[in-house]
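A short write-up of the structure that comes next.
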Amino acid sequence: MSANATLAALFEEMAALLELTGANSFRVSAHAKVARVLGELDADVEALGREPGAIEAIEGIGEGSAGRIREWLASGSIKDLESLRKQVPPGLPEVLRVPGLGPKTARLLWKEAGVVDLATLKAKLASGELLGLPRMGEKTLAKIRESLEFMEKSGGRARLGEAAPVAESLARHLRAVKGVARVEVAGSLRRGRETIGDLDLLACGGDPAGLIEAFRSHPEVRSVLAAGETKCSVRLASGMQADLRVVDSSCFGAAWLYFTGSKEHNVRLRERAIARGLRLNEYGLFPHAEADEDSPPQSRGVAPVAAASEEEIYEALGLPWIPPELREDHGELSLRKTPTLVTVEAIRSELHAHTRASDGTMSIEEIARLARDRGFHTLAITDHSRSSVQANGLDPARLRRHLDAVREADARLDGIRLFAGSEVDILADGRLDYEDELLAELDWVVASPHVALRQDPKVATERLLAAVRHPLVHVLGHPTGRLIGSRPGLEPDIEAIAKAAAECGTALEVNANHHRLDLRDRHVRIALEAGCWIAINCDVHSPEQFDELRYGVVTARRGGLTPDRCLNCLDARTLDAWRKAKRKKVHK
DNA sequence: GCCGTTTTCGGCCCGACTGTTTTCAGTCG
């Protein structure tokens, strides 16, 4: 684990321990913020530690935390953390992860009932001895039991590609309710995060009670967690939680903004509102409350400055509309105008696809026709190379016959250009899986790591650098090889890879498969800052995988990708020229 | 603990829902 990730985990732990010792809540959230900032930091905190003042310069990290970070970098431990660990049972922080169970309750259970971890919590729930503690009635205990059960079964977040279809099914179901004007997805799904904790939907128009009734009666709903007049939370059969809010159409924009988040982005907006003498909530942007009025402005009939659309709220705050994918408090509030990010519609080619020759399910002609039907002008056929035995990789003789077949199809089919290429394995030592002589015969080379994905980061960096600098490679495919939720993959120095890729003109791939999303969002940002070309590829093996494109696009958008830096947005002639120029450039 | 178009002290985002309350604390997003 990198120093950044380790320190993020330690600050996360400190925040939890502080909560459990009953520390000031602002102190707790300050630690949690330091953890978040460290986790998302692009720069290496170890390197920053060597520059005086560099750690303190990071927004959200003050003198105290910077001191603790340096203490850890120098000694490998943090005194304050060690002392907190002595005050709290080591298993207690995991009790905080039980949904519905917060710091106050965890502390109560610990101090009053001797709960020290999930195991003792479970045992004491079973024995009935928790009943009768302050605020611990039958219903509360039943909810805790249910939450524990849920944690054991599902344990975590769903992948974007699994959550999105479920949310869309719920939205369609709600749109069929009589009188409904609008139903939209919000939350981390709208922001396009690679994993989703729960689904957020927003609706307006029609009868709120009818909407809530329709929501809780969707066939996927297993239990209802809460249902009020405007809000309903359910647990789905998949274990995921889904929330619906019903709002008035006059404040739909404020609600959509609010429930899209992120939480940190919202906090920034509210701070900005206050600085302008305004007050922002999910009902709108209002003139700030007078000192003696502490009830919400909307309940006093105060007219909002803006509420109906997100655009007018941002405008009233002196901001351009910010695409949801950028709402993470990563500096987006300093944007002067709305960036033109890449879209699914702007993608005109697929540059990484497999046929039956290796491990795909389609013939050359079938996949070519599908690509053409989707409006693509170019498709790169890139079957696996010989080392990928499990994927039926092609040896040189088979590859040459396959190239002939692709070129024959290219000549025969109208309306689509086929590149005869390969997805060539980057071997563990950085060599490619075919001789240069053969690679030179290919129109298109995607080089990807498939084996030795637990390499030391320094070795992995050298390995990928060798592929990026190879004169015959066009694209570095799924650079880290990670699989979300199941395989961490390589941890190369992405800045070094990006720098080399920019110099050599090699494109870096955002693999759109929802298990991969590799490069990930923050890597895309690093690549763009270095000046790289990006390719968004579905890595198609079967027809439905063309539909994964949107996950790749949204990931690239989160990294700030504009169409002018995206290979797949080039027109056919320019792309072909890029392909040829790429090899000439490096051959010089 | 962090931070600064009132500030180096005194703030720090805001409302819905639930359960156990007889007016509200706790949790969540």
Side-chain angles (χ1 to χ4, degrees), chain A residues 11 14-15 18-19 22-37 55-69 80 96-109 131-144 147 186-189 191 196-202 208 212 224-233 241-247 251 254-255 257-286 288-289 294-299 318 329:
Chain A
F11 274 87
M14 274 194 277
L18 283 167
E19 269 193 310
N24 173 300
S25 65
F26 296 110
R27 211 173 138 213
V28 173
S29 55
H31 279 83
K33 177 162 187 185
V34 171
R36 183 176 76 90
V37 167
I55 297 181
E56 290 85 345
I58 302 168
E59 162 118 25
I61 302 184
E63 225 175 294
S65 296
R68 289 186 188 87
I69 291 169
D80 287 352
L96 279 181
R97 294 209 314 274
V98 178
L101 217 162
K104 297 279 165 53
T105 311
R107 190 174 153 79
L108 174 85
L109 292 172
L131 192 64
L133 286 172
R135 312 193 65 80
M136 285 289 126
E138 281 289 1
K139 285 193 173 177
T140 304
L141 294 179
K143 282 211 160 175
I144 295 175
S147 294
S188 52
L189 187 53
R191 301 199 312 280
I196 307 297
D198 50 29
L199 306 178
D200 294 288
L201 287 113
L202 191 63
I212 293 205
V224 178
L225 302 172
E229 288 175 18
T230 63
K231 180 183 165 178
C232 181
S233 294
Q241 185 180 325
D243 298 334
L244 169 69
R245 285 280 189 141
V246 183
V247 302
C251 62
L257 180 63
Y258 184 88
F259 292 110
T260 296
S262 65
K263 191 169 186 243
E264 291 77 15
H265 179 82
N266 287 349
V267 168
R268 287 286 180 209
L269 290 183
R270 289 214 197 85
E271 288 171 355
R272 196 178 173 99
I274 289 168
R276 285 160 187 257
L278 300 166
R279 170 172 172 171
L280 179 65
N281 63 25
E282 62 262 54
Y283 298 97
L285 183 63
F286 295 90
H288 200 285
D294 49 56
S295 63
Q298 68 278 2
S299 67
D329 187 22

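Chain letters run A, B, ... following the sequence lines, proteins first and then strands; every chain starts at 1.
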State, without any angle test, whether Q241(A) and D243(A) hold a side-chain donor-acceptor pair at a distance under 3.5 Å. yes
Can R191(A) and H265(A) be said to form a side-chain contact (heavy atoms from CB on, under 4.5 Å), step by step? CA-CA 11 Å; R191(A) 301 199 312 280; H265(A) 179 82; over 6 Å; no
Using a strict threshold of under 4.0 Å (side-chain N to carboxylate O), is an ion pair present between K104(A) and E19(A)? no
Do the side-chain N or O atoms of [X] get closer than 4.0 angstrom to the phosphate oxygens (OP1, OP2) of [N]?
X: S65(A); N: dC2(B); result: yes
X: S233(A); N: dC28(B); result: no
X: T230(A); N: dC17(B); result: yes
X: R97(A); N: dC28(B); result: no
X: T105(A); N: dT27(B); result: yes

Donor-acceptor pair present, Y258(A) side chain and dG15(B) base, under 3.5 Å: no
Report which part of the nucleic acid [X] touches: base, sugar-phosphate, or nothing (heavy-atom distance under 4.0 Å, all strands).
X: A227(A); value: sugar-phosphate
X: L18(A); value: nothing
X: R68(A); value: sugar-phosphate

Heavy-atom pair with the smallest gap, counting every atom of N281(A) and A254(A): O-CB, 4.0 Å
For G137(A) and E271(A), find the nucleotide of DNA chain B closest to each by heavy atoms; which residue's nucleotide sits nearer the 5' end? E271(A)
Which residue lies more 5' along DNA chain B, comparing I61(A) with R245(A) via nearest heavy atoms: I61(A)
Considering only atom P, compute the distance from dG11(B) to dT7(B) and round it to an integer number of Å. 14 Å
Sticking with atom C1', work out how far dG10(B) lies from dG15(B), rounded to a whole angstrom. 24 Å
Both distances under 3.5 Å, Watson-Crick or G-U wobble: report the partner of dT8(B), or none. none
Mind running side-chain contact (heavy atoms from CB on, under 4.5 Å) on R268(A) and E271(A) for me, showing each step along the way? CA-CA 5 Å; R268(A) 287 286 180 209; E271(A) 288 171 355; 3.3 Å; yes
Are F26(A) and dC2(B) stacked, counting the six-membered base ring, centres under 5.5 Å, planes under 30°? no
Quick check for you: among dC24(B), dC14(B), dG1(B), whose closest atom lies nearest to any side-chain atom of A30(A)? dG1(B)
